[in-house]
Protein chains: 2
Amino acid sequence: MSNPSTTRPGPGPGRRPAPDRGRTLLGPALRLIHTGRTPTRSALTTALEVTRATAGAVAGELAALGLVTVDEHPIGTGRGRPSHRLGLAPDGPVVLAAQVHFDMLSVALAGLGGELGEAVYLPLPAATDPEPILATIAAAGAALVRAQRRRCLGAALALPNPVREPDGTAPAALHFGWPGGTPVVQLFADAIAAQDLGPRGRVPLPTAVANDANLAALAEHRHGAGRDARHLLLVTSGHRGVGGALVVDGRLHTGSAGLALEVGHLTVDPLGRPCPCGNRGCLNVETDPEALFSAAGRAVDPSRPLLDQARELARDPSARAAVDTVVDRLALGLAGLANILNPDRIVLSGLHQDLLAAAPTRLPELVARHSLWGRCDQVPVVAAEVCHAGLVGAAEFAWEPYLRDPQAVAG
Amino acid sequence: MSNPSTTRPGPGPGRRPAPDRGRTLLGPALRLIHTGRTPTRSALTTALEVTRATAGAVAGELAALGLVTVDEHPIGTGRGRPSHRLGLAPDGPVVLAAQVHFDMLSVALAGLGGELGEAVYLPLPAATDPEPILATIAAAGAALVRAQRRRCLGAALALPNPVREPDGTAPAALHFGWPGGTPVVQLFADAIAAQDLGPRGRVPLPTAVANDANLAALAEHRHGAGRDARHLLLVTSGHRGVGGALVVDGRLHTGSAGLALEVGHLTVDPLGRPCPCGNRGCLNVETDPEALFSAAGRAVDPSRPLLDQARELARDPSARAAVDTVVDRLALGLAGLANILNPDRIVLSGLHQDLLAAAPTRLPELVARHSLWGRCDQVPVVAAEVCHAGLVGAAEFAWEPYLRDPQAVAG
DNA sequence: GGCTTTTTGTTTAGGAGCGGCACAAAGTCA
DNA sequence: TGACTTTGTGCCGCTCCTAAACAAAAAGCC
């Protein structure tokens, strides 16, 4: 042999089936079927811009991998030979999707297609250290997989705080007190590995952890209000503070260290409320649930979740003035983001979704007025559509390697 | 024939040489050589992760296209058979790069490799309507091409204002009074077409127009301070106002309508100077040349270019306090952008470059202190390195189709 | 200086992936 | 019933790449 060190050890002769180039059509084809855009092989032909022969072969291969089914009965749409609908195999493999919420945990199985199985909700364990929480999630997930006797291909977890790349730590403290720097990616991988869910026993499942806003954006982009948007900005207000996420050309923009779209400290009211960051009038403190209550001069019922109360208040006509105040601040923040990111569409979730419902014309108009983009085009500000977007997004994240290379399902 | 309407009319049988997939290695290989990363065929082998056979074939094909040369003499680097350096053909084809500046025009020819030919500077014509300006540029470019007897493959123009996509208009008025909505892309294409520079006579040259900050970012990313950065943020202050640009994974992020990175209206001083946009303390008015003069309490000499004077003032030790004030505002703006975009690196140009030189530790420290990213990692804030970055970036833009598919050079 | 070792470049054979084409299948329309 | 339209498939060939062997050009060792 001449010198094997520089000759790449390919898996046999022929065209390279390398990480990203071999079988270039299989991934795009599965992605199209997954997002419900190509009901038939004929639609695949046009969407992928290939010949019918190739589209047929690709569909056949996806079916052979157990991912796609070809409907028995044809669907008649006018003239010509009728097509057979391409569907996702109902008994195909699944992934584990999990989410850490403010006050609970949720876990579900998900096949392709963006539909979740029934979600399991768990209270936070008494010890809110990382290990017991992640162990609880992994155990619940393993129970689901075993009970439903499905093949599990991966797991992903949505966390309510940023996840730093590439080391996989949570840089800021979670609200229930995990220290900054907690290696959440590794801990979750360990928790899943301990459940021994690998397809052939000892092979550890691929796992991933990401911020919940990012995953929600992914879910909305693939299956919700962000479909067909090239650049999608999602802004959400949860229990406390504001989260953002950006999808660029179908892929999450998480920045160089996973810390992009930390939009909470945009200044939206120079004379506003003080923010822990030291400034005044940050988006975080001006458009979160507390800000709405403060603007309305109402008291919070400490016995009920703050976010739920705030969403009710946003729908309360008697709080109109307060809603408008907060909407104005939000619009300024969104306009600032629009000037920087110029997305196709802005999707609002959480409390912001209710603020949009309460001010369906005022909010987009203000965004348009305060952004260069808005002075050129209509600015589509829309409400989120996906239920359990965090879980659905986690499922997307876990499926991602297989959407890139469906043949990995066979490995 | 069965039905040619759905069967794509490919250019002959065989593996598809379609827009983006045919000859997948040729483009990446040329790009590596173009950015000076692969001096030899052996380096191509490792960079492209292909076999030596393939790298050799690719290099040979690029040489056959007249783009790449293989050095006569080997370069000895230790043991083994020495390599021959891969260079860019000195007599290869060129593109036309042009820029509209505040008070003049510039035009240059550029081959691959990021080096400009000698630039020609032209005063603005008496009539500052779009047509005469663009005609002046096209005529000067055509004269260069003819004088140097080079084959010209395309032309690109850098403009000091945003270019709206997909219609190719300038949404805001240029400072010398072009009306908003001017179809600059079409007008430039017409001006170039009128010069009849096509390789075989009547074929019009491909042309492009883009914002100068965007093009500068492209230039810095490929050939300057942004090399090896995955996500690069460039911020620049020109004669008036602030421009920004973002390169994501090697490609410009211009947003859905080309209006991204309009960073000038970030609030950086809630009680600051009024901005034409209606707010106070926008980055535009707080960190532009006038702001520095205002902070220093100095008078501007109306007989000299404002930007030049401001850059001198930034270097003047006696203006220390004023510089620090403006630096503080700039740092706040950069931190805001870092929180949203989380780039790998921030490159400063124009006046901001001098502000960084005047406050080489204060500025990065403040950016770090006010951004989540800065609290996790070092924030590299660096000065621009490319001379005539607008022209170099325009050349990159014009070369882009050929870097994607080098075989287009032959067409 | 001859030998081996190391690294680079080239030649040859062959395989994977996809297009073109012809044909078959399954419906609608007149 | 037959013409037409649209969808799906089998076969062949082309292109782009890999693997493997060979050739070339240096350094290192004796």
Side-chain angles (χ1 to χ4, degrees), chain A residues 1-18 20-29 38-46 48-61 63 70-86 407, chain B residues 1-18 20-29 38-46 48-61 63 70-86 407:
Chain A
M1 200 183 299
S2 51
N3 55 338
S5 62
T6 56
T7 304
R8 274 180 71 257
R15 202 155 173 283
R16 169 175 29 168
D20 42 324
R21 239 175 305 174
R23 221 73 177 116
T24 49
L25 292 176
L26 226 51
T38 47
T40 68
R41 272 171 291 207
S42 179
L44 261 190
T45 304
T46 55
L48 294 175
E49 297 191 291
V50 296
T51 57
R52 289 196 302 274
T54 306
V58 163
E61 198 152 345
V70 181
D71 237 25
E72 192 76 24
H73 334 283
I75 44 174
T77 52
R79 310 240 286 235
R81 175 175 172 175
S83 273
H84 294 256
R85 176 175 290 276
L86 295 178
Q407 288 179 311
Chain B
M1 201 184 303
S2 53
N3 53 339
S5 62
T6 55
T7 302
R8 276 180 71 255
R15 208 158 169 279
R16 168 175 31 165
D20 42 325
R21 240 174 307 174
R23 221 74 177 115
T24 48
L25 292 177
L26 227 51
T38 48
T40 68
R41 273 172 289 206
S42 179
L44 261 190
T45 304
T46 55
L48 294 174
E49 296 189 291
V50 296
T51 57
R52 289 196 303 274
T54 307
V58 164
E61 199 153 345
V70 182
D71 237 23
E72 191 75 25
H73 335 283
I75 43 174
T77 53
R79 307 241 287 236
R81 177 174 171 175
S83 273
H84 294 254
R85 176 175 290 278
L86 295 178
Q407 288 179 313

Nearest whole Å is fine: how far is [N] [atom2] from [X] [atom1]?
X       : N      : atom1 : atom2 : result
B:Leu44 : D:dC17 : CG    : C1'   : 15 Å
A:His84 : C:dA26 : NE2   : C1'   : 8 Å
B:Asp71 : C:dG9  : CG    : P     : 12 Å
B:Leu48 : C:dT8  : CG    : P     : 15 Å
B:Glu49 : D:dT18 : CD    : P     : 10 Å
B:His73 : D:dA25 : NE2   : P     : 15 Å

Closest nucleotide among [options] to the [X] side chain:
X       : options               : answer
B:Arg41 : C:dT5, D:dA25, C:dG9  : C:dG9
B:Arg81 : D:dG8, C:dA26, D:dA24 : D:dA24
A:Ala53 : C:dG27, C:dG20, C:dT6 : C:dG20
B:Ser83 : D:dA26, D:dA19, C:dG9 : C:dG9

Quick check: closest heavy atoms across [X] and [Y], and the distance to 0.1 Å?
X       : Y       : answer
A:Leu86 : A:Arg41 : CD1-N, 3.7 Å
A:Leu44 : A:Ala59 : CD1-CB, 4.4 Å
B:Pro82 : B:Ile75 : CB-O, 3.4 Å
B:Leu48 : B:Pro28 : CD2-CB, 3.7 Å

Between [X] and [N], does any side-chain N or O lie under 4.0 Å from OP1 or OP2?
X       : N      : value
B:Thr45 : C:dT8  : no
A:Thr24 : C:dG17 : no
A:Thr51 : C:dG19 : yes
B:Thr54 : D:dC17 : no

message: Categorize B:Ser42 for me: base, sugar-phosphate, or nothing, with a 4.0 angstrom heavy-atom threshold over every strand shown.
response: sugar-phosphate
- request: Could you tell me whether the side chain of A:Arg52 has a donor or acceptor atom within less than 3.5 Å of a complementary atom in the base of D:dG8?
  value: yes
query: So which one's nearest nucleotide on DNA chain D is more toward 5', A:Arg79 or A:Gly56?
result: A:Arg79
- prompt: Does the side chain of B:Thr45 reach to within under 4.5 Å of the side chain of B:Thr51, using non-hydrogen atoms?
  reply: no
